[in-house]
Amino acid sequence: MANMLSVSRQSYSNYETGEAEPSFETLIKISKILRTSIDDLLGNERYPSDRDLVKEQFISEIETRKY
């Protein structure tokens, strides 16, 4: 991942451990590599992802089933 982002392994390790924060440009690269939104990367739950909406719908359908 560090190679794909053009950063050192140490820098990437620091991102993972929270010792450093990636630049906005690096966040964009990470989101593209992982095919997710920057909101998902940052844990922003104000705007749920499509995946989260599908999961919520699925859970709701299961809960409303009568057995």
Side-chain angles (χ1 to χ4, degrees):
M1 184 69 133
N3 288 336
M4 290 188 277
L5 297 172
S6 301
V7 299
S8 69
R9 289 183 185 184
Q10 184 63 47
S11 291
Y12 187 72
S13 176
N14 289 341
Y15 301 156
E16 288 185 325
T17 61
E19 293 179 38
E21 293 184 6
S23 67
F24 185 70
E25 291 77 19
T26 301
L27 281 174
I28 292 170
K29 288 179 183 179
I30 293 171
S31 72
K32 287 180 180 180
I33 291 167
L34 298 178
R35 296 183 180 167
T36 191
S37 71
I38 292 175
D39 280 331
D40 280 344
L41 292 176
L42 300 177
N44 183 354
E45 297 186 25
R46 183 174 175 186
Y47 303 104
S49 68
D50 290 341
R51 179 184 55 203
D52 291 335
L53 294 174
V54 168
K55 183 171 61 175
E56 288 176 20
Q57 181 182 7
F58 180 70
I59 291 170
S60 176
E61 288 174 7
I62 290 173
E63 291 175 341
T64 58
R65 288 184 186 167
K66 295 184 180 184
Y67 294 96

Check your understanding: Atom NZ of Lys29 and atom CZ of Phe24: how far apart are they, to the nearest 0.5 Å?
Key ->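 If I round to the nearest 0.5 Å, the distance is 13.0 Å.
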Practice item. Enter the distance from Ser31:OG to Leu41:CG here, rounded to the nearest 0.5 Å. Key: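 Those atoms lie 6.0 Å apart.
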Suppose we screen for side chain to side chain donor-acceptor pair (under 3.5 Å). Which residues come up paired with [X], at least two apart in sequence or across chains?
{"X": "Thr17", "result": "Glu19"}
{"X": "Thr26", "result": "Ser23"}
{"X": "Ser13", "result": "none"}

**Study point:** Matching residue for Ile59 among Glu56, Gln57, Glu63 - test: side-chain contact (heavy atoms from CB on, under 4.5 Å)
**Key:** Glu63
Review point. Looking at side-chain heavy atoms only, is the closest gap between Leu27 and Glu21 below 4.5 Å?
Key: no
Study note, to complete from the structure: Note: Ala2 and Tyr12 closest approach over all heavy atoms is CB-CB, 3.9 Å
**Study point:** Joint cluster assignment, Leu34 & Val54, ILVMFWY side-chain distance < 4.5 Å
**Key:** no
